[in-house]
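Working notes, beginning with the structure itself.
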Amino acid sequence: MQKLVVTGGKPLRGELSVQGSKNSALPIMAASLMCGGECRLHRCPKLTDIYAASRILNFVGCRCTFSGNSAAVDSRSIDRTEIPEELMREMRSSIIFMGAMLGTAGECTVSVPGGCELGPRPIDMHLTALKRMGVDISELSGRIVCRIPSGRAHGAKISLAFPSVGATENIILCAVTADGETVINNAAREPEICDLCGFLRACGARITGDGESRIVVKGKAKLHGCEYTIMPDRIAAATYLSMTAAAGGEIILTNACVPETEPFLSVLEQTGCSIYTGENKIYLHSGVRLRAVRERIRTMPHPGFPTDAQAVLMAALAAADGTSIFEENIFDCRYRHTDALIKMGADIQVLGKVAIVKGVRRLHGANVEATDLRGGAAMAVAALAAEGTTQITKISHIDRGYEKIEEAVSALGGDIRRA
Ligand code: EPZ
């Protein structure tokens, strides 16, 4: 099994082009099966989750190929509507194929998806909404069997109890080819939803209101292929910024999505780092010891502070001057990385959804295990700032979301290698 070996204490300096967004690319790849033609996707990150999505596409009869950071998906030859359990289990986003298959074929059989263990991750909101659009859903030997009796879903007014990203995506996908208008109230406002809608519009879909709480989709019978460039990954950007903040140094992120990263930047700035933004660029300089963040850091749906950046910022604040308090409001169990940070010398107390982080003078290297994608990235952040060497195992979690993380960090002068 591979591991990352990181020796801390070296400042990071240089320029880094931000990878394409995983959480945009995955639903867009699912959506591409609805186009009945060829889609060319640019800035597609090379990640294990992306390859898992391509395996699903190929299984159902599409032809998905890669050339560098571009993917081509030809959906003219779809001939299956079942996705086997082993492919569903590979990642959470496999559930988004449900809306796409229903919108294309009027039926699908899937199972409960896999993904990071962040506490219970139900799909009740997805299923309730799809039922309102005319989908019959039953469970058969652990499989979820979905069928639209008339072959085509109908529009509906749907109010989500919580602005779930995945549920919003599934509803949009089923709605773009449905009969009539679908209104989603309390829709997720994450930038990745806007990117999915941008892609679908390029394929001919009629969607308005994305980025707001009320999205309106006017269904149409057919979509067509298109060429599309995926947005930059705001969480990868937050991770490399946290690394530089923690280890010291200066970084220029190019190809960054600045407005979408603001909710993170406005908190990071309170640590005393200098941050400047320009068009698609973020500059950060970290010289002296970081300051704790005074305000409670509450994770919230966008435009609140992103849950996906909680762990990496916590790692940076573990050796800051003073006490920072986190409140995790999206997932029940998203503090699994704290044990590893404590092993590296951090002083963190978890009380339900709150984590109290008392900054220590310095972290030290240790042997730790990645617990999940962002938790694993947090360990890399801590390791780069720590005294001595850290070995991070179970890095398959990290590879699900970061494109060649060791190459990106080494190019900035960090001492990190894959072994
Ligand atoms: C997406 O997950 C992202 N994944 C997650 O990123 C991200 O943390 C999350 O949105 C929140 O921003 C992808 O885009 C692939 P949700 P998703 O549905 O869609 C509850 C990362 O690190 N809920 O908005 O699964 C749910 O349990 C990953 O890149 C229900 O109760 O998130 C959770 O507590 C991890 N019932 C909350 O809502 C439902 O039917 C938010 O989930 C659906 C969700």
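Just so you know, these numbers come straight off a predicted model, no measurement behind them. As the structure lists them, so they are numbered: ligands from 1, and atoms in each ligand from 1.
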So is G401 in contact with ligand 1, going by heavy-atom distances below 4.0 Å? no

Lys/Arg-Asp/Glu bridge criterion (N-O < 4.0 Å) met for D308, K22: no

Are side-chain heavy atoms of N170 and I123 found at a separation under 4.5 Å? no

With sequence neighbours excluded, tell me which residues meet side-chain hydrogen bond (donor to acceptor under 3.5 Å, both in side chains) with R214. none

Are any of the N/O atoms in M125 less than 3.5 Å from those in ligand 1? yes

Looking only at distances, can you tell me whether any N or O atom of L373, backbone or side chain, sits closer than 3.5 Å to an N or O atom of ligand 1? no

Could you pull out all residues at least two apart from C226 that satisfy side chain to side chain contact (heavy atoms under 4.5 Å, CB included)? F199, A202, C203, Y228

Test log, rule salt bridge (Lys or Arg N to Asp or Glu O under 4.0 Å), inputs R43 and D233: CA-CA 10 Å; R43 208 193 277 142; D233 194 312; over 6 Å; no

Return yes when H397 approaches ligand 1 closer than 4.0 angstrom through a heavy atom, no otherwise. no

Below 3.5 angstrom, do we get any N/O pair linking R374 and ligand 1? yes

Should K353 and E328 count as an ion pair when the cut-off is N to O under 4.0 Å? no

Ligand-residue contact atoms, ligand 1 with K22, heavy atoms, under 4.0 Å: 21 (C), 29 (O)

Which ligand 1 atoms, with their elements, are less than 4.0 angstrom from a heavy-atom of G166? 18 (O), 19 (O)

Sub-4.0 Å atoms of ligand 1 with respect to non-hydrogen atoms of S93: 15 (C)

For I330, atoms of ligand 1 separated by under 4.0 Å from a heavy atom: 33 (C), 34 (O), 37 (C), 41 (C)

Just to be sure I'm reading this right: ignoring hydrogens, which of A167, G304, P122 gets closest to atom 43 (C) of ligand 1? Compare them by their nearest heavy atoms. P122

If you define the side chain from C-beta out and look only at heavy atoms, does anything of I297 sit under 4.5 Å from M314? no

If you measure from the Lys or Arg side-chain nitrogens to the Asp or Glu carboxylate oxygens, is any gap between R418 and E406 under 4.0 Å? yes

Going by the atom numbers of ligand 1, which of them fall below 4.0 Å from some non-hydrogen atom of R92? 25 (O)

Out of D308, D332, I235, T307, who is nearest to atom 5 (C) of ligand 1 when you count heavy atoms only? D308

In terms of atom number and element, which parts of ligand 1 are under 4.0 angstrom from non-hydrogen atoms of F162? 37 (C), 38 (O), 41 (C)

Using 4.0 Å as the upper bound for N to carboxylate O, is an ion pair formed by K46 and E403? no

